[in-house]
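Structure, as C-alpha cells:
Just the heavy atoms: all of them, side chains too, but no hydrogens, waters or symmetry mates, feed the values below.
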Amino acid sequence: MKKVYKAHILFTKEKDRFEVFENGYIAVENGIVAGVASNLKDLGCEGAEVIDFGDKLLIPAMNDMHVHAPQVHNQGVAMDLELLPWLQNYTFPEESKYADIHYAERMYRRFLHTQWLFGTMRSVVFGTVHTDSTRVLMKLYQEAGMGALVGKVAMNRNCPDALCEDVEAAVEGNQMLIAEFNKPGALVRPIITPRFVPSCTPELLKACGQLATTYHLPVQSHLSENTSEIAWVAELEKESTSYGDAYNRYGLFGQTPTIMAHCVWTNGSELELMKKNKVMVAHCPTSNFNLSSGLAPVRTFLDDGLPIGLGSDISGGHDLNMFRMLVYAIQVSKMHYQQDKSKAFLTLPEIFWIATKSAGSFFGKVGSFEPGYEFDALVIDDSVLYPAEYSLLHRLERFIYVGDDRQILHRFCRGEEVPEPKVIP
C-alpha cells in the first residue's frame with residue numbers, strides 16, 4: 001500500500017550536500033521509498049491520500065553502529081579511567097549480572113526506550129556472553145519494530161570467570177541464536193562478536209571466523225582503540241603485522257561484512273588492509289574522549305573511501321543521543337585540523353551522510369530517501385527553536401546542536417511507525 005507524506009524533506013544523497021525539498025512529498029510503498037518530489041504530479045501520486053506534517057522537518061532516522069546494550073546502567077559512571085582498568089573494574093562486573101534474564105530484560109527495555117526517544121532506528125549491538133539474555137535483547141528489538149544486528153559476545157581469556165565461556169559453548173550459543181534469528185530480510189539478525197583480541201584465544205577467534213563464513217554473517221569488534229590495548233595485542237599475536245591483521249588471519253576482517261569500532265590509531269598497513277577489505281569504521285567520539293583513547297582520523301577515513309558510521313559506545317560513551325555524536329565528530333575533526341591544516345574538518349552534510357546513508361549501508365539500502373531505500377525516518381517539530389528565523393538547513397543544524405527527543409514527533413523503521421516501547425520498573 002502506497003503512502004504519501006508531506007513535509008520539509010532533507011537528506012544526503014551525496015556526502016557533500018543536502019537534498020532539500022521544501023514542502024515536498026515522499027511516496028512510500030511496502031516500507032520502501034518510491035520517490036521524492038516537490039509536488040504530487042511529479043511524484044505520480046495525484047489523488048493519493050497525503051499525510052501532511054505541515055512545517056515539520058522529515059529526515060532519515062539515526063543509526064548507532066557501535067553500542068554495548070548491557071552497559072546502560074553504567075552510563076556516565078567511572079569516566080575518569082582509561083580503557084583497560086575501566087573494563088576490569090566496572091564493565092565486566094556489570095555484564096556478569098546478565099546471567100539473570102530478569103535483570104537483563106529490565107535493563108534492555110530501558111536501553112531500547114532511550115534509543116527510541118532519540119530516534120535511533122537501527123543499531124549494531126554488543127550483548128553479553130549469555131545466550132538467553134542476548135535472546136531477550138533480540139526479542140525486544142523485534143517487539144519494538146526497531147532494526148538491529150545483535151551479537152552474543154565471545155570471550156574466553158583475560159576476563160572474570162563469570163564471563164569466560166569455552167569455545168564449544170560459545171559456538172553452540174551462537175548457533176542457537178542463528179537458527180532462530182538469521183532469517184532473510186529480518187529486521188533483527190545475529191552478528192558474530194568476538195569482544196576483542198585480548199579476550200579471545202586463537203581457537204575462539206578461529207571459531208568466530210568459521211561461524212561468520214558458514215552462516216554468511218557480519219562481524220563486529222574493537223580495533224586500535226587505545227595504545228595500551230594495541231601493545232597488548234602485539235604481545236598476544238606475535239605473528240600478526242598489526243591489530244587488524246590479527247583479525248584478518250582468523251577470517252574476521254572483511255571476509256564477511258565487518259565493522260570495527262574506534263580505529264583511533266589505525267594507519268599504515270592496517271589502514272591499507274581495511275581499505276582493501278572494505279571494513280567499516282564505527283567512530284565513537286565521546287568514548288574516545290572519556291577513556292583517553294585519542295582522536296580518530298575521520299577525515300583520512302572519509303577521503304580514503306572507507307565506509308564509516310557513528311557509534312554511541314555506551315558506557316565508554318556517555319550519551320545515546322546520536323545527533324550529539326554528529327556534533328562531537330565535527331568537533332574531533334576540528335581538533336585534527338588544528339594539528340594538520342591540510343586535513344579539512346568535517347562539514348554538516350558530510351557528517352550527516354556518515355550517520356545516515358554511509359552507516360545505513362551496513363544494513364542494506366538504509367539511510368537515504370532515494371527510491372528503493374527502506375523508509376527509516378524522523379519527523380521533527382522544531383517550533384520551540386524559532387524556525388521562522390532560519391533556512392531549512394539552519395533549522396536542521398540548530399536541531400542537531402540544541403534540540404532533543406522532545407522535538408521528535410514520529411519515528412519510522414522500514415515504513416512502519418514505531419510506537420513507544422514498554423519500560424518496566
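Nearest heavy atom pair, residue Val264 against residue Ser293, reads CG1-O, 3.6 Å. Closest non-hydrogen pair, Phe362 versus Val219, comes out as CZ-O, 4.3 Å. Across all their heavy atoms, Ser133 and Ile101 have their closest contact at OG-CG2, 3.7 Å. Annotation for Met65 and Ala282: closest pair O-CB, 3.9 Å, computed over non-hydrogen atoms.
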I'd like to know whether Leu223 forms a side-chain contact (heavy atoms from CB on, under 4.5 Å) with Phe253, so could you lay out the CA-CA distance, the side-chain angles of the two residues, the decisive distance to 0.1 Å, and finally the verdict. CA-CA 10 Å; Leu223 179 67; Phe253 209 63; 3.9 Å; yes
Intermediate values then yes/no, side-chain contact (heavy atoms from CB on, under 4.5 Å), Leu10 and Phe369: CA-CA 9 Å; Leu10 302 95; Phe369 290 154; over 6 Å; no
Check against salt bridge (charged side-chain N to carboxylate O under 4.0 Å, His left out), Glu143 and Arg109: CA-CA 11 Å; Glu143 176 187 301; Arg109 284 190 180 276; 3.1 Å; yes
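One side chain, Ser224 or Glu270, offers a donor N or O that lies under 3.5 Å from an acceptor on the other. Asp319 and Gln75 are not linked by any side-chain donor-acceptor pair at a separation below 3.5 angstrom, with hydrogens and angles left out of the test. Side-chain contact, Ser123 with Gln115: a donor N or O sits under 3.5 Å from an acceptor N or O. Glu237 and Tyr247 share no side-chain donor-acceptor pair at under 3.5 Å. Inspection of the Thr214 and Gln210 side chains reveals no N or O donor paired with an N or O acceptor under 3.5 Å. With 3.5 Å as the limit, one finds no donor-acceptor pair spanning the side chains of His262 and His283.
For the pair Arg17 and Glu14, the salt-bridge criterion is not met [side-chain N within less than 4.0 Å of a carboxylate O]. We find that Glu370 and Lys365 are not joined by a salt bridge, their nearest charged nitrogen and carboxylate oxygen being 4.0 Å or further apart. Under the 4.0 Å criterion applied to side-chain N and carboxylate O atoms, Arg122 and Asp376 are assigned as salt-bridge partners. The existence of a salt bridge linking Lys275 and Glu272 is confirmed by a sub-4.0 Å separation between a basic side-chain nitrogen and an acidic carboxylate oxygen. The residues Glu180 and Arg135 are annotated as salt-bridged, a charged nitrogen and a carboxylate oxygen being separated by less than 4.0 angstrom. Glu19 has no carboxylate O lying under 4.0 Å from a charged side-chain N of Lys13, or vice versa, which leaves the two without a salt bridge.
Atom OH of Tyr373 has more than 12 heavy atoms from other residues, nucleotides or ligands within 6.0 Å. In Glu239, the CD atom is not crowded: 12 or fewer heavy atoms of neighbouring residues, nucleotides or ligands sit closer than 6.0 Å. Enclosure of atom CZ in Phe18 by more than 12 non-hydrogen atoms of other residues, nucleotides or ligands within 6.0 angstrom is indicated. Counting heavy-atom neighbours within 6.0 Å of Trp86 CH2, excluding the residue itself, gives a total above 12.
Val124 has its side chain within reach of Ile191: a pair of non-hydrogen atoms, C-beta onward, lies under 4.5 Å apart. When side chains are defined from C-beta on, Pro285 counts as touching Met325, because their heavy atoms get closer than 4.5 Å. With contacts defined as side-chain heavy-atom distances shorter than 4.5 Å, the pair Phe323/Ile408 qualifies. The side-chain heavy atoms of Tyr243 and Val197, taken from C-beta on, include a pair separated by under 4.5 Å. Taking 4.5 Å as the limit, some side-chain heavy atom of Leu236 sits within range of a side-chain heavy atom of Pro198. Between Asn248 and Leu273, the closest side-chain pair of non-hydrogen atoms falls below 4.5 Å. The shortest distance between side-chain heavy atoms of Ile308 and Val298 falls below 4.5 Å.
The distance from atom NE2 of His130 to atom NZ of Lys97, rounded to the nearest 0.5 Å, is 12.5 Å. For the atom pair Thr201 OG1 and Met155 CE, the distance stands at 12.0 Å (nearest 0.5 Å). Atom CD in Glu82 sits 5.0 Å away from atom OG in Ser292 (nearest 0.5 Å). Once rounded to the nearest 0.5 Å, the distance linking SG of Cys263 with NE2 of His222 reads 10.5 Å. Taken from CG in Asn74 to NE2 in His68, the straight-line distance is 12.0 Å, to the nearest 0.5 Å.
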Output side-chain donor-acceptor pairs under 3.5 Å for residues 415-425, partner residues at least two apart or in another chain, one line each.
unit_1	atom_1	unit_2	atom_2	d
Glu417	OE2	His410	ND1	2.6
Glu420	OE2	His113	NE2	2.6

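Looking at Glu350, its side chain does come within 3.5 Å of a backbone N or O of Thr347 through a donor-acceptor pair. Of the possible polar contacts, none joining the Arg414 side chain to the Glu374 backbone as a donor-acceptor pair under 3.5 Å is found. Judged by distance alone, with hydrogens and angles left aside, the side-chain atoms of Thr114 form a donor-acceptor pair with the main-chain N or O of Arg110 at under 3.5 Å. A distance-only check finds no donor-acceptor pair linking the side chain of Lys15 to the backbone of Trp353 [under 3.5 Å].
Taking the six-membered ring for Trp and thresholds of 30 and 60 degrees, Phe11 and Phe21 have nearly parallel ring planes, at less than 30 degrees apart.
Annotation: cation-pi geometry satisfied between Lys341 and Tyr337 (NZ/CZ under 6.0 angstrom from ring centroid, within 45° of ring axis). A cation-pi arrangement is present between Lys334 and Phe345, with the terminal nitrogen or guanidinium carbon under 6.0 Å from the aromatic centre and inside a 45° cone about the axis.
Within the structure, side chain to side chain donor-acceptor pair (under 3.5 Å) contacts touching residues 187-200 (residues at least two apart or in different chains) are Glu95-Arg195, Asn182-Arg189, Thr193-Gln220.
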